[in-house]
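For reference, the structure is listed below as structure tokens.
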Number of protein chains: 2
Amino acid sequence: MATRGRPRTFDPDTALRQALEVFWERGYEGTSLNDLAQAMGIASASIYACFGGKEDLFRKVMALYGTTSGEPPRRALREQPTTRAAIHAMLRATADEITRPDAPHYCMLILAAPTGAVENHAIREFLAGLRHDQLATVKDRLARGVADGDLTAPHAGLDAIARYYTTVVQGLSLQARDGATRAELETVITCAMAAWDTLTSAPSHRAS
Amino acid sequence: MATRGRPRTFDPDTALRQALEVFWERGYEGTSLNDLAQAMGIASASIYACFGGKEDLFRKVMALYGTTSGEPPRRALREQPTTRAAIHAMLRATADEITRPDAPHYCMLILAAPTGAVENHAIREFLAGLRHDQLATVKDRLARGVADGDLTAPHAGLDAIARYYTTVVQGLSLQARDGATRAELETVITCAMAAWDTLTSAPSHRAS
DNA sequence: CTCTTTATTTATCGAACGGCCAACAAATCG
DNA sequence: CGATTTGTTGGCCGTTCGATAAATAAAGAG
């Protein structure tokens, strides 16, 4: 049980949180190992020893991010009794997270690396995969609504509705990044939810 | 009239288009002067002589981008007879632009530099300003609708509706970036327009 | 104590970065 | 023609990039 060797002088969990802050503030490509080492209070070589390279560290950071900032929206989807309430609560939880005064006003999953140099393609694929999971989670919640009986054969497809609200979530992140206030995001959410009744009515008249 | 001195061996307009391609593919921070010089077929010193530094070049590129890819959505807003048709056409024109087979599947204005190193703050501010203009343009179109009489004292505020559809536009860009097809974007647009009638009805019942 | 193991610091790697300049080349002018 | 103006070339500036090796420090094991 006892750990051999020299014990490390920093707490990896704390260091990971500090790395999260830096990546959050500057994005993936905008963050250098120097930035990280300085913020984490250790030499860059220690980062390699403990976390692997920049890319490995970023993946670990995103895992932490998912269990912290990513949890409230996921919980909203999971715990709200009706599908409509679940979607609405997810949007509001998202708006809460991306306007917190103690953190940058955007979602890392969405904006930390949307574009970049070719050599960072793997990171973008990684994030795209996580976003795909996000879409699938929303879709699953809609399917559960059908199973629960509070959503009956929507006029628009489940896929379309899920993608629509995912689109709104992503758009909210950019709005917050551009300085929109929590109240302004709330008005956007209200507008987005105004489509709900139309979208979830039985298939009656026109499409397109 | 005759131009003194040695004439340049490249066409600045062509070079600017080539620079646009590179910035579009890799974003602002992901593009190096080497990348640009290689794609433009000239030495980096020629870039400095003709366009100024990287930041100046990017601003000129964005001006070109605005008059090309940015024009169809703007024209849709301007030329459609009714406000509803204008918004709908703008969304579809946006979807067309960000799924063109001959260009990256996203909007540069939105995703070329959403985050990044502190030294590139000015570029982000520049883009944020352009996006603010975008929002204002949508808002103006709604106001024109009220003046035209096809939009009467909307239940939701004009600001909220404008910001909502701007949010959708920005979300669409991320969807396309993640591989959504034109058809999938169309379903999102259909969902987004489903809110229109509710949003633009006279102020009657509840809010929030 | 000595030996082993692990973590740290320091120094540095080669490559690429954005930026810039002096020398050369090509045109018009007088 | 020579003088002048302008564009292009090639290279180099100091810095920083991500990454690594060697040397040092601190703990437990025997």
Side-chain angles (χ1 to χ4, degrees), chain A residues 1-16 18-19 22-23 25-61 112-113 115-124 126, chain B residues 1-16 18-19 22-23 25-61 112-113 115-124 126:
Chain A
M1 173 57 69
T3 58
R4 292 268 291 243
R6 174 176 177 173
R8 56 167 58 92
T9 58
F10 64 93
D11 174 27
D13 291 339
T14 302
L16 198 62
Q18 290 164 333
V22 182
F23 274 126
E25 185 183 341
R26 313 187 186 182
Y28 180 75
E29 283 193 340
T31 302
S32 71
L33 278 183
N34 255 357
D35 297 333
L36 291 166
Q38 192 168 340
M40 298 163 84
I42 54 180
S44 66
S46 297
I47 297 179
Y48 280 89
C50 184
F51 300 104
K54 183 184 180 183
E55 182 171 332
D56 293 318
L57 174 59
F58 183 73
R59 290 173 191 263
K60 292 180 173 67
V61 159
T115 64
V118 282
E119 64 260 30
N120 294 322
H121 179 72
I123 281 294
R124 289 193 295 279
F126 167 67
Chain B
M1 174 57 68
T3 58
R4 291 270 291 248
R6 174 177 176 173
R8 57 165 58 93
T9 58
F10 65 92
D11 175 27
D13 291 339
T14 303
L16 198 62
Q18 291 164 333
V22 182
F23 274 126
E25 186 184 339
R26 313 187 188 183
Y28 180 75
E29 283 194 340
T31 302
S32 73
L33 278 182
N34 254 357
D35 296 334
L36 290 166
Q38 193 168 339
M40 298 162 85
I42 54 179
S44 67
S46 298
I47 297 179
Y48 279 89
C50 183
F51 301 104
K54 182 185 181 184
E55 183 172 329
D56 293 318
L57 174 59
F58 183 74
R59 290 173 190 262
K60 292 180 173 68
V61 159
T115 64
V118 282
E119 64 261 31
N120 294 322
H121 180 72
I123 282 293
R124 290 194 295 279
F126 167 67

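Computed from a predicted model, the values in this text were never measured in an experiment. Each chain gets a letter, A, B and so on, in the order its sequence line appears, and its residues count up from 1. The figures here come from the full heavy-atom set of this structure, side chains too, leaving out hydrogens, waters and symmetry mates.
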Once base and sugar-phosphate atoms are separated, protein heavy atoms under 4.0 Å mark nucleotides 8-13 of chain D, 5' to 3', with B, S and - as SBB---
For the student: nearest non-hydrogen atoms of A:Phe126 and A:Arg59, plus distance
CD1-NH1, 3.3 Å
Over how many whole Å does the gap from A:Asn120 atom CG to D:dC17 atom C1' extend?
12 Å
State whether the side chain of A:Ser46 and the backbone N or O of A:Ile42 hold a donor-acceptor pair below 3.5 Å, judged by distance alone.
no
Would you say CD of B:Gln38 has more than 12 non-hydrogen atoms from neighbouring residues, nucleotides or ligands within 6.0 angstrom?
no
Does C:dG19 have OP1 or OP2 under 4.0 Å away from a side-chain N or O of B:Tyr48?
yes
A:Glu29 side chain vs A:Ala117 backbone, donor-acceptor pair below 3.5 Å:
yes
Here the pair of heavy atoms bringing A:Tyr48 nearest to A:Gly53 is CE2-CA, 3.6 Å
Round to a whole Å and report the spacing from CZ of B:Phe51 to C1' of C:dG18.
17 Å
When rounded to whole Å, the CD1 to P distance for the pair B:Ile47 and C:dC20 reads 13 Å
Would you please name every residue forming a side-chain hydrogen bond (donor to acceptor under 3.5 Å, both in side chains) with B:Arg8, sequence neighbours left out?
none
Give the rounded distance in Å between these two atoms: CG of B:Leu57 and P of C:dG18.
12 Å
Is NZ or CZ of B:Lys54 both nearer than 6.0 Å to the six-membered ring centre of B:Phe23 and within 45° of the ring axis?
no
Sorted by number, the residues of residues 25-39 of chain B with heavy-atom contact under 4.0 Å to DNA chain C
B:Thr31, B:Ser32, B:Leu33, B:Asn34
State, to 0.1 Å, how close A:Val118 and B:Glu25 come at their nearest heavy-atom pair, and which atoms those are.
CG1-OE2, 4.3 Å
